[in-house]
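Counting convention: from 1, in listed order, for ligands and their atoms alike.
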Amino acid sequence: MSESLHLWFEYILRFSHLVAGIAWIGSSFYFIWLDSAFVPPETAKRNVDGELFMVHGGFYYQVEKRKIFPGELPKVLHWFKWEATLTWITGFALLIAVYYINGATLLIDQQVMKLTQLQAVGLSLGLATAGWFIYDFIWHKIPNKIFNVIASLVLLVLIIFINPRTFSGRGAFIQTGFMMGSMMLLNVWVRILPGQKKMVEDAQAGKVPDYSFSAKAKIRSVHNTYFIFPVLFIMLSNHYSVAYRPAQNALHLLLLSVSGAMVRHAMVTNKPIERWTLAPAAIGIAALVFVTAESFSKSGSPAANEVSFEQVQPVFQARCISCHAVKPTDDVIRETPKGVALENESQIRQHLPKILEMAVVAKSMPLGNKTNMTDEERQLIGAWVQKQLTVSQ
Ligand code: HEC
């Protein structure tokens, strides 16, 4: 009962996280698009930098990008901050529900670093906090843009170096996403909103607002757009262990972050020539696919071509079905994980590629290697699954 309640709680949280995220990223994409689509007004208007017309749902909309001066502030001003905040809150709750509780089994890989649950959670929170302070210090305190960009890239590489050496394959991905997502939210609350609020207050008080706040807010807002694609990819990655295999996940994170940022650049620019960044982004993603395809084929040992189902069945029985059964007997897992039962041949055959990926290549199953699966058993399963997959092609 309590396990199914937990799953429902997680399900509803995930749904809320997704909906809030759509609202946040959706409005962010919309403003990115607006910024690239504005044209100067046909007849110059005071304080108006650009305007555009849209048609949607049978009506026309006119939007102006403008500055506000004393006496011009409208009665109702719409702010965009709750989408970001709700996305982070639901995401953080999900992080707790999926990764921090239950012994933090999904966050820890004892082969990467021997950690207790408390240490893993402490490290996750500590690294996220440190990441923000360093990033914020770089951009807030040091007035040299080239230095800022280089220091930020070094910070990114550091994060991508540290996380895979601290957490499980999947944990390292989610931790990186958590750190980037937190930077995005704090950018909104600590660096974007206060400046905007100050300008509005100045305009209300009849003073000419200090537009240097706009420029500062814009920098952080631009950073947030660079984070979007890597963060989204990372959030989805936990359904695809092909992305977070421990041996390669640092490289994957790097390729994903750089490629995501390049796609974003192509999307934002209003100069078609600058869309060339899509090419290296495509090469980055292709490299990712290539690197993983390579180790996939290496994983089976050809000598084991003769393996029969009778040989692998006891391995599934001993190592998997305490969790992957219609009625699991594991002390923590009470519902069939992801509906994947591995109790008989036909059930096993439904999941061959995932079994190969998770139990043989990524070694992310059995969860936390709770059932002590040996490397020989992984090879045996690998050889059998690969044979079935080639036969069925
Ligand atoms: C201690 C419990 C446990 C054991 C033992 C275990 N698993 Fe899992 N398995 C899980 C959990 C929990 C998930 C769901 C993880 C998630 O939330 O993404 C899972 C997910 C999977 C999935 C992915 C399903 C999907 O669609 O994403 C596969 C495939 C899988 N396990 C295969 C295996 C194999 C093969 C073994 C034995 C070699 C095994 N597992 C042993 C707990 C276990």
Side-chain angles (χ1 to χ4, degrees), residues 2-4 6-15 17-18 94-110 117 167-175 177 234-246 249 296 299-300 307 309 311-386 388-389:
S2 70
E3 172 72 1
S4 65
H6 176 92
L7 287 176
W8 270 110
F9 177 67
E10 199 186 301
Y11 194 178
I12 292 167
L13 261 184
R14 205 175 282 268
F15 170 80
H17 185 53
L18 189 73
L94 207 50
L95 184 72
I96 297 174
V98 178
Y99 289 90
Y100 285 1
I101 62 172
N102 276 342
T105 14
L106 286 179
L107 193 60
I108 303 170
D109 181 339
Q110 301 295 358
Q117 176 181 20
F167 304 104
S168 66
R170 176 174 165 170
F173 260 59
I174 212 72
Q175 173 69 15
I234 286 171
M235 294 302 149
L236 287 178
S237 73
N238 65 62
H239 302 284
Y240 296 93
S241 66
V242 66
Y244 59 73
R245 285 177 193 162
N249 62 355
F296 209 84
S299 62
V307 184
F309 181 69
Q311 281 171 280
V312 293
Q313 190 173 26
V315 179
F316 284 107
Q317 302 273 340
R319 309 300 182 202
C320 314
I321 63 162
S322 53
C323 298
H324 289 280
V326 178
K327 287 198 188 329
T329 52
D330 185 80
D331 54 345
V332 181
I333 306 292
R334 294 264 163 252
E335 300 270 336
T336 321
K338 299 257 162 114
V340 175
L342 303 172
E343 290 174 284
N344 57 46
E345 189 169 357
S346 74
Q347 287 172 342
I348 291 171
R349 284 190 180 279
Q350 285 171 12
H351 305 286
L352 293 177
K354 277 211 162 156
I355 293 174
L356 183 63
E357 175 54 40
M358 304 189 84
V360 183
V361 184
K363 299 185 185 168
S364 54
M365 280 294 141
L367 195 60
N369 203 6
K370 196 169 177 179
T371 48
N372 302 315
M373 191 170 185
T374 64
D375 276 342
E376 291 72 46
E377 287 169 333
R378 293 187 194 280
Q379 286 303 336
L380 196 73
I381 300 256
W384 179 74
V385 173
Q386 267 189 336
Q388 311 311 308
L389 290 174

Student: I need the contact type for Leu342 against ligand 1. Using non-hydrogen atoms and a strict under-4.0 Å cut-off, is it side chain, backbone, both or neither?
Tutor: side chain

Student: Any side-chain heavy atom of Ile381 within less than 4.5 Å of one from Arg378?
Tutor: no

Student: Answer with side chain, backbone, both or neither: which part of His351 has a heavy atom less than 4.0 angstrom from an atom of ligand 1?
Tutor: neither

Student: Are side-chain heavy atoms of Arg170 and Tyr99 found at a separation under 4.5 Å?
Tutor: yes

Student: What protein heavy atom sits nearest atom 25 (C) of ligand 1, and how far away is it?
Tutor: Lys354 NZ, 3.3 Å

Student: Taking the six-membered ring for Trp, are Trp384 and Phe316 parallel (under 30°), tilted (30 to 60°) or perpendicular (over 60°)?
Tutor: perpendicular

Student: With atoms numbered from 1 as shown, which atoms in ligand 1 lie under 4.0 angstrom from a non-hydrogen atom of Ile333?
Tutor: 2 (C), 12 (C)

Student: Taking the side chain as every heavy atom from C-beta outward, state whether His239 and Lys338 have any pair of such atoms under 4.5 Å apart.
Tutor: yes

Student: Backbone N or O of Tyr100 within a donor-acceptor pair of the Gln117 side chain at under 3.5 Å?
Tutor: yes

Student: May I ask you to list the atoms of ligand 1 that are less than 4.0 angstrom from any heavy atom of Met373?
Tutor: 38 (C)

Student: I'd like to verify the contacts: list protein N, O or S atoms under a distance of 2.8 Å from atom 8 (Fe) of ligand 1.
Tutor: His324 NE2, Met365 SD

Student: A side-chain contact here means heavy atoms from C-beta on lying under 4.5 Å apart; do Cys323 and Leu367 qualify?
Tutor: no

Student: Write out all pairs satisfying salt bridge (charged side-chain N to carboxylate O under 4.0 Å, His left out) with one or both partners inside residues 234-243, taking only residues at least two apart or from two chains.
Tutor: none

Student: To check your reading of the model: name the closest protein heavy atom to atom 5 (C) of ligand 1, its residue, and the distance in Å.
Tutor: Arg319 O, 3.3 Å

Student: Could you tell me which atoms of ligand 1, counted from 1 in the order shown, lie closer than 4.0 angstrom to a heavy atom of Lys370?
Tutor: 1 (C)

Student: Atom CG of Asn344 and atom CZ of Arg349: how far apart are they, to the nearest 0.5 Å?
Tutor: 11.0 Å

Student: Can you tell me which portion of His239 lies within the under-4.0 Å heavy-atom range of ligand 1? Options are side chain, backbone, both, or neither.
Tutor: neither

Student: Partners of Glu343 by salt bridge (Lys or Arg N to Asp or Glu O under 4.0 Å), sequence neighbours excluded?
Tutor: none

Student: Check for me whether Arg170 has a heavy atom closer than 4.0 Å to any atom of ligand 1.
Tutor: yes

Student: Under 4.0 Å from ligand 1, counting heavy atoms only, is it the side chain of Asp330, its backbone, both or neither?
Tutor: side chain

Student: With sequence neighbours excluded, what pairs up with Phe9 under the ring-ring contact (aromatic ring centres under 6.0 Å, His included) test?
Tutor: none

Student: Can you tell me how far the NE2 atom of His324 sits from the CD1 atom of Ile348, to the nearest 0.5 Å?
Tutor: 11.0 Å

